[in-house]
Undergrad: 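The structure under discussion is supplied below as structure tokens; questions concerning it will follow.
First listed ligand is number 1; within each ligand, the first listed atom is number 1.
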Amino acid sequence: MGVGWRIAVVHGPNLNMLGLREPERYGTTTLADIDDELASVAAEAGASLSSYQSNSEGDLVTHLQGLRDTADGVLINPAAYTHTSVAIRDALLAVALPTVEVHLTNTHAREEFRHHSTIADIVVGRVMGFGRLSYVLGLNGLLEHLGHSGGIRQGERG
Ligand code: DQA
């Protein structure tokens with residue numbers, strides 16, 4: 001599983017504050033801890049992994065556009081932009097890479113405005129509610145999916 005796949009991890013706004021930010025809700029693990037753990041899970045599976053975080057919607061869109069020829073799959077936590085961003089949805093549609101959506105918290109158990117995701121219907125799968133483990137489960141799911149699909153871009157399958 002995972003041999004040679006290039007995985008791009010993308011983190012949205014305020015996730016750079018993990019560890020300090022509402023620790024009772026998001027835990028004390030830092031973003032660097034999460035990225036380190038994902039890098040070792042990927043390495044064990046023979047995949048390579050890059051991580052990117054931005055607080056800016058435009059920078060996230062530009063980064064996603066650049067993944068078209070440099071990644072085979074995307075693991076994304078768009079954070080607050082999950083609930084609002086048509087631009088991130090459109091960027092994911094443009095790059096057409098298999099994508100897994102992850103969230104630390106179960107957004108459906110929180111305020112109503114967090115129940116909607118602009119990308120829920122265009123991703124391979126979603127993992128939420130397991131804290132940092134959501135990312136690990138999501139990465140394993142993405143690698144498994146890539147293995148079965150042969151890395152075919154979304155929309156190219158019959
Ligand atoms: C989050 C959930 C979002 O509603 C929130 O805005 C975040 C983090 C999560 O990982 O649980 O910033 O995406």
Side-chain angles (χ1 to χ4, degrees), residues 2 5-45 47-67 71-146 154:
W5 298 121
R6 299 163 301 171
I7 306 299
V9 180
V10 179
H11 307 282
N14 298 307
L15 293 172
N16 57 314
M17 298 280 291
L18 280 183
L20 299 171
R21 172 194 185 199
E22 299 178 77
E24 65 293 347
R25 188 187 299 285
Y26 292 113
T28 52
T29 310
T30 66
L31 196 63
D33 293 335
I34 289 174
D35 284 341
D36 285 352
E37 187 169 7
L38 292 176
S40 70
V41 170
E44 216 163 289
S48 62
L49 186 134
S50 66
S51 291
Y52 176 80
Q53 189 275 333
S54 178
N55 294 323
S56 150
E57 186 175 20
D59 288 348
L60 289 163
V61 167
T62 301
H63 181 74
L64 288 170
Q65 289 177 0
L67 297 178
D72 301 305
V74 179
L75 185 71
I76 188 167
N77 182 353
Y81 290 138
T82 305
H83 317 301
T84 61
S85 182
V86 175
I88 287 175
R89 175 190 174 86
D90 286 350
L92 287 172
L93 287 171
V95 296
L97 292 169
T99 298
V100 170
E101 176 185 355
V102 298
H103 298 283
L104 296 150
T105 61
N106 176 0
T107 56
H108 292 275
R110 299 181 61 189
E111 304 99 315
E112 184 135 12
F113 65 84
R114 296 186 201 273
H115 297 185
H116 176 68
S117 159
T118 64
I119 65 169
D121 61 315
I122 61 163
V123 294
V124 172
R126 310 173 76 208
V127 183
M128 58 174 71
F130 295 101
R132 54 157 197 82
L133 199 56
S134 291
Y135 283 91
V136 175
L137 295 168
L139 175 58
N140 280 317
L142 179 58
L143 290 171
E144 189 76 23
H145 173 83
L146 286 167
Q154 274 171 11

Undergrad: Work out which heavy atom in Leu60 is nearest to a heavy atom in Pro13; give both atom names and the distance.
TA: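 For Leu60 versus Pro13, the nearest heavy atoms are CD1-CD, 4.2 Å.
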Undergrad: Any luck finding a side-chain donor-acceptor pair between His11 and Asn16 under 3.5 Å?
TA: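 No pair is found: no donor N or O on one side chain lies under 3.5 Å from an acceptor on the other.
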Undergrad: Do the non-hydrogen side-chain atoms of Leu18 and Thr28 ever get within less than 4.5 Å of each other?
TA: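 No, too far: nothing below the 4.5 Å cut-off.
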Undergrad: Would Asn55 and Gln53 count as having a side-chain donor-acceptor pair, cut-off 3.5 Å?
TA: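 Looking only at side-chain atoms, Gln53 and Asn55 do form a donor-acceptor pair, the distance falling under 3.5 Å.
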Undergrad: Enumerate the protein residues lying less than 4.0 Å from ligand 1, judged by heavy-atom distances, in chain and residue-number order.
TA: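 Answer by chain and number: Arg21, Tyr26, Asn77, Ala79, Ala80, His83, His103, Leu104, Thr105, Thr107, Arg110, Arg114.
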Undergrad: Which of these passes side chain to side chain contact (heavy atoms under 4.5 Å, CB included) with Leu92: Val61, Leu64, Val10?
TA: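 With Leu92 as partner, side chain to side chain contact (heavy atoms under 4.5 Å, CB included) holds for just one option, Leu64.
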Undergrad: Determine, step by step, whether His115 and His108 satisfy the ring-ring contact (aromatic ring centres under 6.0 Å, His included) criterion, reporting the C-alpha distance in whole Å, the side-chain angles of both residues, the deciding distance to 0.1 Å, and the verdict.
TA: CA-CA 5 Å; His115 297 185; His108 292 275; 5.6 Å; yes
